[in-house]
Amino acid sequence: MVTYIVRRFLYSIPVLFAASVLIFFSVTVAGDPLATLKQNPLASKQTIHNIEKRNHLNDPITTQYAYWLKEAVTNKFGSPLLQPGTKIWDDLKRVIPHTLQLVVLAEVLALLVGISIGVYSAIRQYSIFDYAATTFSFLGFAMPVFWLALMLQILFTNIFIKWHVRIFYTSGLSSQNPGGGIHFWIDRLQHLAIPAMTLMLLSIAQYSRFMRASMLEVVNSDYVRTARAKGLPERKVTLKHALRNALIPVVTVSALNFGALIGGAVITESIFQLDGMGPYFLGALFNQDAYVVMAWLMVTATAVVAFNLIADVLYGYIDPRIRYD
Amino acid sequence: MHRSHYRLVLGVLVAVTSLIVAGAAGGASKKSTSGSMTFGAEQEPPCLNGFTSGCNNTWTSWTAGIALASPLIVKPDFSIKPYMGTAKLVSKKPFTVLVTLNKKAKWSDGKQVSAEDLIFTWKTIVDPKFDISSRSGFDSIARAVKVNARAVKFIYSKPYAPYKVQWATSILPQHALEGLDFNTVWDSNYNNKAGQTMSSGPFKLQSYTKGQSLVMVRNSTFWGKKPTLDKITFLFRTNTDTEIQAIRGGEVDAIYPQPQLQLAQLRGQSGLRVQTHAGTTIEHIDINTGAGNSTPLLGQAWFRQAIAYSLDRSGMIKQLFSTLNPGLPTLNNLSYTTGQKGLYVPHFAKYQISNKAKRIAKVAAIMKAHNCTKGGDGIYTCGGEKASVRLGTTSGNKLRELAVEIMQAQAKDAGIEFRADSQPSRLFFPRIAGNKYDLALFAWVGSGDPAGQVDIYGCADQKTADNPQGIGGNNWKNYCNPTVTNALKASDAALDPKTRIKLVNKADAKLAADVPTIPLYQKPTYFVFKTSLKGLVDNPTLQGPTWNTEAWKAG
């Protein structure tokens, strides 16, 4: 297992290198990062010259890439183009945990609910519950995140206006003075609840469909029939024999989801004003800060690679028949 | 049900109840009766040193920037008045401005705001190694002479008429910043070398949590009227929908959003007040009169006039702002704004014909006079050139996209085709600067002072020793009229206000005849706040909504 992980880790180095080349060249050719500054009639020409020189913006693109790669590896992505006093890594260190809080909360709950719905739908195939779950999952797939987010915001705002009870906050990560310990975490939950609900809905729809399909395949397999023939209680057959084997596709999907969501649930985080990877990325795009965009893309690429590795390792845990060579 | 299931259900119930109780308590604590308020800031400052290009953002000066006072201040009526001091022209030859600071002006660490600070501010701004966003005016200062501990005479190398706007700039504390790299200081605080936060304004920075909030607390050493509020918390709410729900639901007490159609729902809500004014962001259409355009017709003044006549700008503004700001006026001057009484002359008003039939007839008369004929598609052709031009704007900006659609329809009625040519701003603006467009709808952010207009409308090829790039560095219209250039150049050097107004309006009248640009409207400002708050007054200039925080009171 360790050898396998080390080998996969080594494989990921050229993958990330290739990603860095793609990211750098595609972002660089997208436009002049100082275009907005240059349009300001009052902008100092000297300042524009200073920034171009400091960031090698007038060098050939390959030279620029070499400088950027060096900065990324030796100086943790360095500083934004226009803000030499800021460190990109400090900002990433700040926003990644916020995104993780949201993603873990939403995904764990979505997995619990989605798997439960999927399993029950498969066991009670063509029941009212199964039809209702299917309808719900299609609704979940079809519902635009930004619309759902806005509807939830309006709902909880109206509840506050009508009854003066703040169940959940509609934006931000924390209140002004959230207090410490348990008070802080209750306040944080009140802020994360609606965004988590928004993210969860789509994920529940996805996981429940995958789980249902996977369970249907497994419950009709020989080893499940054998387990029943042995006289095992139905609950044990379902949870121990069928569920465990049926989990593999869901593990794959959820690992990819986790990886992608680390890159930020861009829309959700931005609407709810959570200081995570999503707003950080949008802010960088808005400011045309190519270096921040590149750093963000590299972190996202790394997260996707890492979660793929985690998924592969989990396969072996869930299904002992899978061996790593 | 198994006992453990009961425990689970009980646990969930307890958790939900605690959330509601905690939430209800949280809601109560937000009421603005405690001497504090929360302000939903639509943008987060990229960093706090607003002098540098990377941090220069209106929200930097409207939030943390209130800690750094300036000698002069721009009032809501665009007048420039003394604040932490005065700036007076004491000699025309050489051009000399005496800047005097208020006797009581102190930094929050107890030190006097001094003559040395004035000189240090000037030297820092012109230091070529620093990424200063704008050196305008300061780069015209040749030397400074300290008059006393609070006053400095600045002697300019050439006359600089908008010196009052220049001295509405914050003053830096020399003792806190001297010897430091100005490009990297004050990124996330305003601390002196001892770690104390620096302020010469009514509030000082208490904390800045990136991505979340910035807290300003009362500065007890403030030299002016003592602030009433203890604390102003700026919460960053950069999504307009979220911002609106936040003020509806009492999560913030005030917002200053960009004009958006969603704001209409706030007008009718009890407990909220909406102030709106025509701001200093000038929405306009630039016309490329030469190389890079798609038809030589754009090089003809009569054709550009026909375009101007074909548009019902007032009708378009009504359609865009009928619910938000029904009284928003059409802008008819490129240098002065509608609120500047005595300065604003509506030279472009002649192009406004609201009656559709008359508008179409006016365009037809111009076209006929130039032997243009209407094709089967209703579009004119003049000398073999179809009256069909591209009209582009920054895609994604709903108001502008809507404006383009309305103007396309209006022009088509009059026999001129506008082909949509919008792109995201990162692609759109480089094209404009590269003269690769026909008609471009975008905005200039002004200060209310016409200084620097020559850079936008002056002949781009007039290179001088001190302007090696050419004075019309931002004239991307291929437009050149020596009368306009000379009048605007002279206005920048004119010291007599009346002469200056006359010169600017002379240039504007000529611009109205040549039509290299069509002014549309001043983007309105919206200041929404709880009626329980007192003293909040919108300032549509760049000074912004927080210009008088010392007068704010929680009801």
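Letters A, B, ... mirror the listed sequences (proteins, then strands); counts begin at 1.
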Among Ser53(B), Pro128(B), Ser134(B), Ser133(B), which residue meets the side chain to side chain contact (heavy atoms under 4.5 Å, CB included) test with Thr47(A)?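 For Thr47(A), the side chain to side chain contact (heavy atoms under 4.5 Å, CB included) check succeeds only for Ser53(B).
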Which portion of [X] sits near chain B, non-hydrogen atoms under 4.5 angstrom:
X         : answer
Ser79(A)  : neither
His98(A)  : side chain
Leu150(A) : side chain
Ile154(A) : both

Ser171(A) to Arg237(B) - nearest heavy-atom pair and separation: OG-NE, 2.8 Å
I need the minimum non-hydrogen distance between Asp275(A) and Lys210(B), along with the two atoms involved.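 For Asp275(A) versus Lys210(B), the nearest heavy atoms are OD2-O, 3.0 Å.
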Got a second to check how far [X]'s [atom1] is from [Y]'s [atom2], nearest 0.5 Å?
X         : Y         : atom1 : atom2 : result
Ile271(A) : Thr238(B) : CD1   : OG1   : 10.5 Å
Asn50(A)  : Thr52(B)  : CG    : OG1   : 12.0 Å
Gln245(B) : Leu155(A) : CD    : CG    : 10.5 Å

Tell me, out of Asp187(B), Asn183(B), Thr184(B), Thr209(B), who's got the most heavy-atom pairs with chain A below 4.5 Å.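 Among Asp187(B), Asn183(B), Thr184(B), Thr209(B), the one with the most close pairs to chain A is Asp187(B).
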Ranking Ile244(B), Asp241(B), Ile132(B) by heavy-atom pairs under 4.5 Å to chain A gives rank one to Ile132(B)
Would you say that [X] contacts [Y] through its side chain, given a criterion of any heavy-atom pair below 4.5 Å between the two side chains?
X         : Y         : answer
Leu82(A)  : Pro46(B)  : no
Gln273(A) : Leu235(B) : no
Ser213(B) : Gln176(A) : no

Sort by residue number and list every residue of residues 83-91 of chain A having at least one heavy atom under 4.5 Å from chain B.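 Interface residues of residues 83-91 of chain A: Gln83(A), Pro84(A), Gly85(A), Thr86(A), Asp91(A).
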Among His49(A), His183(A), Gln153(A), which residue forms the greatest number of heavy-atom pairs with chain B at distances under 4.5 Å?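 Counting heavy-atom pairs under 4.5 Å, the top option is Gln153(A).
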Residue pair Arg248(B), Thr170(A): steps toward the side-chain contact (heavy atoms from CB on, under 4.5 Å) verdict: CA-CA 11 Å; Arg248(B) 282 187 69 226; Thr170(A) 60; over 6 Å; no
Please say whether more than 12 non-hydrogen atoms of neighbouring residues, nucleotides or ligands are located less than 6.0 Å from CZ in Phe25(A). yes
Under 4.5 Å to a heavy atom of chain A? For Glu243(B) that would be neither
